[in-house]
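Down below is the structure, laid out as structure tokens.
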Amino acid sequence: MKSSIIDVPRKHTQADLFGIQVYQNALIRYVKLTDTPITIALQGEWGSGKTSLMNLLKYNLCDTDDSPYFPIWINTWQYSLMKTPGQTIMGILEGIIKQIGTLNPSKHKWEESRKKIGGIFKKMATVGTKIAAGTVGIDGGLVDELLEGGEEAQSDIVQLKTEISEMIEQILAEFPAKKGFTFYIDDLDRIDPPVAVEILELLKNIFDLEHCVFILAIDYDVVIKGLKPKFGELTDKNEREFRSFFDKIIQLPFSMPVASYNVDTFLVDALSKIEFFSNKELEDTDLAEKLSEITRLSVGTNPRSLKRLTNTLALISIIYEEQKGDNANSSTLLDKLINYALVCIQIAYPYIYNQLTEEPDFKNWNDKIASKLKLRPLNEEETERLNSTDEFNDDWEKVVFRMCQKETYLSNRVFSVSMLLNKIAEIINDDEQLGDIIESTIEMSAVTNLKAFDTPKKLNASEFPWEAKLWEPVKAEFLKHMKMKVSIPKGRSYMGVPSIANKGNVAVWISYGVRESTAYVAMETYGGEEMKTKISRAIASLPDTHLLKHAELSQGKRNKNKWAWGIKHSIDKADAGLVQWYADKLLSLCTVMEEMTLS
């Protein structure tokens with residue numbers, strides 16, 4: 001079992017789990033056939049796989065035998081750490097030139113070029129001691145001053161381009177099998193957007209050279225914010241100016257094909273590694289379809305979000321094993337599926353997830369909850385329009401719609417949110433138990449929920465102070481008479497006593513039934529019909545006075561292999577004899593259980 005799926009860019013030695021080989025191959029062929037100079041932009045949101053694709057392009061274009069290009073790799077974010085904008089830009093420029101120079105087999109020629117370029121850099125710094133001191137600030141247009149700062153500044157840029165061009169020609173002359181250089185510029189969307197824009201301008205004006213292919217990893221929606229100092233706020237009127245800026249710099253935009261990612265293959269592989277589902281369960285096409293739909297409606301196809309999803313599930317599995325001990329395998333397929341769906345909501349829609357932690361029975365969300373959350377009321381036109389859709393014709397669905405209006409992202413995904421909650425309700429298929437099932441399951445995923453602050457867990461109005469102190473005294477009384485492994489799962493309303501003789505296949509659980517003001521002791525088995533028959537036969541042979549002769553037999557609603565023989569007892573919150581009652585019944589059941597499983 002693996003405990004995590006690491007979030008690092010894919011290497012060429014790793015399998016193509018997302019099915020993007022065809023796009024990778026097409027880009028490789030394109031670069032090999034293209035004229036230069038050219039700039040290619042790999043466009044995609046955070047975590048969409050841009051760096052992974054660049055790794056694969058670099059390997060195939062630069063690192064294999066007889067590869068046609070030299071690689072230059074620049075991580076712009078690393079250059080920006082603890083640096084001013086001016087220092088970042090000049091550092092990147094120096095980093096690129098140094099990588100080119102070190103490829104020159106003639107150290108003498110590289111030393112000459114380095115001295116010339118160093119002199120040019122000193123002259124460029126007179127664009128104010130501003131650049132050297134890093135005080136220009138992007139709003140001051142550092143690159144604009146370099147490129148348009150009079151004849152002397154422009155002459156410096158021309159000299160720099162000439163020196164770089166000569167360096168490239170010298171290197172290629174020594175390596176006739178090479179066509180040129182591919183420059184991989186990564187993480188532009190992680191640095192301050194105005195700085196990213198200045199870097200793009202500088203690269204365009206200085207490295208617009210023959211034999212140069214630039215490949216940028218960029219999130220257009222992030223970097224476009226850096227044009228605000230140049231064009232003001234983005235509006236319908238100036239949108240064309242924003243686009244034109246990028247059109248001048250980027251000759252080939254390539255959008256990461258996230259919609260085409262083969263998510264099913266990745267999920268099955270990742271879930272198998274962390275053993276959240278068994279391999280047999282993952283072979284079930286019905287389960288695979290449910291997982292695929294839940295994923296599509298929530299985290300989607302973003303690789304980084306999918307990795308966070310599987311890592312969260314891995315941690316939940318480990319916590320569950322620690323809590324359950326020998327009974328860890330008792331978790332049903334439905335339990336795991338609902339857990340999976342809730343983690344998906346936690347990652348994709350944290351606001352909705354937080355509401356579920358407060359009010360888990362989402363089919364009972366109503367105007368009272370909407371008022372508590374201060375949600376905007378619907379007007380008549382909105383109500384009429386929502387009533388005409390299957391996703392929002394119920395009252396609780398309208399509350400979901402109103403919740404989603406609090407965030408732009410949720411508003412854009414409002415249909416997916418409704419469809420996902422309806423899918424969960426369909427899977428549970430029991431509206432009466434919906435809230436209880438969500439509440440008991442969500443406790444596990446809550447440990448990985450990011451919130452600005454935590455608040456104490458709210459207790460139900462019917463919960464009494466003695467309940468928090470009930471189980472330890474019962475356990476102590478029980479252990480006076482029988483030495484067995486007893487577990488009290490943290491935050492759970494029961495105590496578990498696994499059978500020693502039958503290795504946990506039969507278990508006794510105590511549940512206090514708060515909402516019904518009823519104490520409830522049950523002997524349970526997960527052994528299906530065979531164990532049910534064996535236990536029923538044994539109970540039939542007991543004296544008529546034995547409590548199990550009057551137990552109520554019930555089958556699990558979610559796990560049909562679960563059978564329980566339960567004894568109920570009406571209680572009062574001041575019932576001083578409750579601990580002894582529990583201990584006596586537990587001892588009686590355990591004695592019978594061990595005799596039956598040994599027979």
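The structure displayed is predicted, hence computed values, not measured ones. We number each residue from 1, following the sequence as shown.
- With sequence neighbours excluded, the residues satisfying side chain to side chain contact (heavy atoms under 4.5 Å, CB included) with Glu112 are His108.
- Looking at residues two or more places apart in sequence or on another chain, you find a side chain to side chain contact (heavy atoms under 4.5 Å, CB included) between Met54 and Leu42, Trp73, Tyr184, Asp186, Ile215, Ala217.
- The only option from Leu313, Thr312, Asp335 that meets the side chain to side chain contact (heavy atoms under 4.5 Å, CB included) definition with Tyr340 turns out to be Leu313.
- Checked for salt-bridge contact, Arg190 and Asp219 miss the test: no charged N lies under 4.0 Å from a carboxylate O.
- Of the residues Asp208, Ile249, Ile96, Leu93, the one that meets the side chain to side chain contact (heavy atoms under 4.5 Å, CB included) test with Leu203 is Ile96.
- Checked for salt-bridge contact, Glu283 and Lys280 miss the test: no charged N lies under 4.0 Å from a carboxylate O.
- Glu166 meets the side-chain hydrogen bond (donor to acceptor under 3.5 Å, both in side chains) test with no other residue; sequence neighbours excluded.
- With sequence neighbours excluded, the residues forming a side-chain hydrogen bond (donor to acceptor under 3.5 Å, both in side chains) with Ser272 are Asn279, listed by chain and number.
- For Glu241, the side chain to side chain contact (heavy atoms under 4.5 Å, CB included) criterion is met by Phe231, Asn238, not counting sequence neighbours.
- Between Phe207 and Phe183, the gap from one ring centroid to the other is short of 6.0 Å.
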CA sep, side-chain torsions, deciding dist, call: Thr36, Lys179, side chain to side chain donor-acceptor pair (under 3.5 Å): CA-CA 10 Å; Thr36 57; Lys179 293 180 61 177; over 6 Å; no
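- For residues 58-69, the salt bridge (Lys or Arg N to Asp or Glu O under 4.0 Å) pairs, not counting sequence neighbours, are Lys58-Asp63.
- Inter-residue side-chain proximity for Phe181 and Ile171 is flagged as met; some heavy-atom pair is nearer than 4.5 Å.
- Lys178 and Ser67 share a side-chain donor-acceptor pair at under 3.5 Å.
- Listed for the Tyr69 side chain is no donor-acceptor partner under 3.5 Å among the backbone atoms of Asn60.
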